[in-house]
Amino acid sequence: MDILKLLNEQQQQAVMAGLGPVLVMAGPGSGKTRVLTYRIAYLIQMMGVRPHQILAVTFTNKAAREMETRVADILADRFSDVTQSQVQRPSLGTFHATCARILRKEAHHLPFSANFVIFDSDDQISVVKQAIRDIDLDDKLYRPRAVHGVISNAKNELFLPDDFPIQTYRDEVMARIYRRYQELLLASNALDFDDLLLWTAYVMDNHPQVREYWGRRFEHVLVDEFQDTNLAQYELLKHLVHFHRNIYVVGDADQSIYGWRGADYRNVLRFENDFPDAQKILLEHNYRSTQPILDVAMAVIDRNPARTPKRLFAERGSGTKVILQEAYDDRAEAVYVVDTIAGLVARKQVEPGDCAVMYRTNAQSRLLEEAFLRAGLPYKLVGAQRFYGRREVKDIIAYLRLIHNPNDSISLMRIINTPARGIGNKTVITIRTLAQQSGVGMVELLEDLRKGDESVFWNSFPSRMAKVAGAFGHLFYRWRGLLNQLNPLELVDQILLDTEYQTYIDDGSDEGHDRWENILELRRLAAEHELSSLETFLEHIALVSDQDTLIGEMKVPTLMTLHAAKGLEFPTVFIVGLNDGTLPHSRSFDDPEAMQEERRLFYVGITRAMDRLYLVNAQSRSQFGYPEPADPSRYIEDIPSGLIEGRFSSASQLTVKNRQNQAARWKPDRVIEEPKTTQHFHPGMRVLHPAWEEGMVLNSRLEDDEEIVDIFFEGVGLKRVAASMAKLEIIT
DNA sequence: ATAAAGTGACTTTTT
DNA sequence: GTCACTTTAT
């Protein structure tokens, strides 16, 4: 098999491992995805496995998609002569998507029906709130987000409400909320993300024939990012491979960064216990990063205790040193990043699209965006401001969901008066109580009201109320009648038309216009699903996050969280916010496990870099609006100083490149103009000010032909001055 | 019933 | 500095 020539010895061993359980431990940049894809190709080509008998689960849609194309490429090469039988594709998807698919087939064993909807995080929080309200608890004491976390963890550990472990009074309350939450979901015929896993594990546990069916259906199960599986996922896998034991998992405990979400890297140990005969293969050759970058990575990760020692051999050799830079504050940090990228691009050392900026929390993206914007430089942001999270998009989706599943009371509450149609709180309560008393669904009741005084409910309302409610019910009655004749796009258009949504949202303001643009984007998405059922369209929306919606293949720098960076690589990487409290995040301080995870997160970030790595911290950061002094990250101490440069040698590099450079677009051929103003002040200088007397320069930068200097004056504090205005005298 | 204005609470990471 | 939720005024 000539494709194997492209693989090193360990990779070949992994690809050609025999059947039965296999555990591949793959360090960063060691060709993990390559091994997985070739393994699939190998199974099909050499072992005669039929593609549809292969199930490969990934953690993200992005990973699934990448694997899909790569497998398709290999197979297209291999089978260019063959057509029909090989056109079958292996099943490739996230755990959640795979489970949704299984559950739609097996719903008859379960307390919901096959047209269930999947609630997103916002919906889930709404349900928690409702549950808390239902049992008369104070949502200040039981904060919905926190409660949801508890419920989610319970589900990940396969605890149903009845099994919920109770140690304290609070636990007992949690169990009650959990029970109510679950009732509400089922009443809405809805599942949350965790339910997808939980119910799938549950149905396989309780129905051996279901387990057997899917076990035979998927003769080979491959798992990517195995260290990120939680207990529910692990149990599910065990069920799936119960018969054939053909389970092939790939992972790296050092890259486990989803513990907060129930992921348990100890699943690797469980795996070794449950499959003692598993073949173990280590991939330790790194093809991504230069030696200095790998050295830093190893220095950082080695500090984690109880780590299975794993070496990484650099295949790429030497390179530039890792640069450590301290900025005055988080704003200056962002400017430094933009300046540095602009400088590297101007000197043609990197392409804009080769650069990535990574940070711990999404909130950190704001200053970076501002800096890019101010410099007039394009960038792209992955994740964060979520398309599907936007009000207007959620509104229309709520209409669709409610048409698909009239029991979805969360969606109903969302849109019953959006756009405003005169159905206020009072009307809603009347409808709800009446529906409950007569044992009909709210949508059913509304639809009945469309018949006017022929409806048995008509006289239970004041006439004005009955009229508006009936008019709304009429809309739904029509839409549901149209359901089978219209595709998703036509249905969206019908809703937009009937609700006069554009008039409502596009009020002439810029913001209104943006919102309407988002609706048009949703239409575009719906257009892609021209041939799909509404159900498929909705499932796509629920399970494909914003992380996956690529904003085109623009060749510009990418901004993202460290989490979002996993699995990616970039020639030039900036990791910002290297301050204690940010990275590691303060919320992890009191939890040793979480602290180790913070370190792994940093390690993941470092190992994304191929050629250049910049680590940036700030002397002060704004947390809640006001700046506070910030300590450098403890991780900086862990890096032998011989491996880094920048911080102690030349702090003035901070302002090497000026705004003119920034103003240059990402065009390599653009000429760089010389700054008209030159810089006179540098950090560390002592200066004399006519009013504030002696002070020390903390930072200086050129901005619009003006030198802006930040100076700390004894007894006065920090001042920011323009050098041409303030008559500063340099003392040292 | 609705819109505007005020309040408080919070920010880790995501399927 | 932002968002969600509550109160207040129309």
Side-chain angles (χ1 to χ4, degrees), chain A residues 57-64 93-100 118-122 124-126 129 139-140 143-146 148-149 152 155-156 191-198 225 228-230 232-233 256-263 330 358-367 370 382-386 388-391 417-428 464-465 468 504 507 539-548 560-566 577 581-589 591 594-595 597-598 600-602 604-605 621-627:
Chain A
V57 279
T58 60
F59 196 61
T60 64
N61 294 294
K62 203 158 53 185
T94 63
F95 268 103
H96 295 268
T98 306
C99 287
I118 300 162
F119 274 179
D120 69 20
S121 350
D122 289 345
Q124 293 169 31
I125 296 296
S126 305
K129 278 181 192 155
D139 65 359
K140 294 273 181 328
R143 287 216 295 293
R145 275 191 73 93
H148 180 259
S152 178
K155 288 184 173 185
N156 289 159
L191 303 188
D192 66 17
F193 293 134
D194 304 314
D195 278 340
L196 293 171
L197 308 171
L198 180 71
E225 307 282 18
D228 286 331
T229 52
N230 60 35
Q233 288 163 331
S256 162
I257 54 174
Y258 286 101
W260 51 275
R261 205 172 117 178
D330 40 4
M358 301 170 190
Y359 36 81
R360 179 64 234 267
T361 66
N362 270 316
Q364 291 171 259
S365 72
R366 228 192 74 249
L367 287 173
E370 274 173 26
V382 345
Q385 44 153 231
R386 328 164 19 172
Y388 294 113
R390 306 232 172 89
R391 242 206 314 281
N417 200 31
T418 309
R421 53 174 67 86
I423 303 181
N425 219 326
K426 210 149 193 181
T427 315
V428 170
R464 209 185 63 83
M465 248 190 219
V468 282
Y504 162 70
D507 53 5
E539 183 160 315
H540 175 85
I541 287 172
L543 293 179
V544 175
S545 79
D546 313 278
Q547 302 282 318
D548 304 303
M560 68 186 119
T561 63
L562 287 161
H563 282 89
K566 192 164 76 149
T582 304
L583 184 67
H585 196 275
S586 50
R587 278 190 66 143
S588 301
F589 280 168
D591 179 350
M595 282 306 276
E597 185 155 311
E598 296 285 327
R600 292 194 292 266
L601 190 55
F602 184 37
V604 166
R621 312 194 72 86
S622 298
Q623 294 245 80
F624 131 81
Y626 284 91

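Computed over heavy atoms, backbone and side chain alike; hydrogens, waters and symmetry mates excluded.
Remark: A:Lys129 is in phosphate contact with C:dC5, judged by side-chain N or O atoms under 4.0 Å from OP1 or OP2. For the pair A:Thr427 and B:dA1, the criterion of a side-chain N or O lying under 4.0 Å from OP1 or OP2 is met. The phosphate of B:dA1 has neither OP1 nor OP2 within less than 4.0 Å of any side-chain N or O from A:Asn417. Between A:Arg143 and B:dC10, a side-chain N or O to OP1/OP2 separation shorter than 4.0 Å is present. Within the 4.0 Å cut-off from OP1 or OP2 of B:dT14, at least one side-chain nitrogen or oxygen of A:Thr561 is found.
With B:dT14, B:dA1, B:dT2 as the choices, the nucleotide that has an atom nearest any side-chain atom of A:Arg145 turns out to be B:dT14. Distances were taken from every side-chain heavy atom of A:Ser121 (C-beta onward) to each of B:dT15, B:dT11, B:dA1; the shortest belongs to B:dT15. When each of B:dT11, B:dA1, C:dG1 is scored by its nearest atom to the side-chain atoms of A:Lys426, the top-ranked nucleotide is B:dA1. Set against B:dA1, B:dT15, C:dC5, the side chain of A:Thr94 has B:dT15 as its closest nucleotide.
Relative ring orientation between A:Trp260 and A:His563 is described as perpendicular, the plane-to-plane angle rising above 60° on a 0-90° scale split at 30° and 60°.
Using a 3.5 Å distance cut-off with no hydrogens or angles, the side chains of A:Ser152 and A:Asp194 do pair a donor with an acceptor.
Between the NZ atom of A:Lys62 and the P atom of B:dT15 there is a distance of 8 Å, given to the nearest Å. Atom CG of A:Asn156 and atom C1' of B:dT13 are 14 Å apart (whole Å).
Shown are A:Thr94, A:Thr98, A:Leu543; of these, the side chain to side chain contact (heavy atoms under 4.5 Å, CB included) with A:Leu196 is made only by A:Leu543.
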Q. Given pairs defined as Watson-Crick or G-U wobble with both distances under 3.5 Å, what dot-bracket annotation applies to DNA chain B, with ( ) intrastrand, [ ] crossing, | other strand and . unpaired?
A. ||||||||||.....
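In this structure, A:Phe95 reaches neither bases nor backbone, as no heavy-atom distance under 4.0 Å exists between it and the strands shown.
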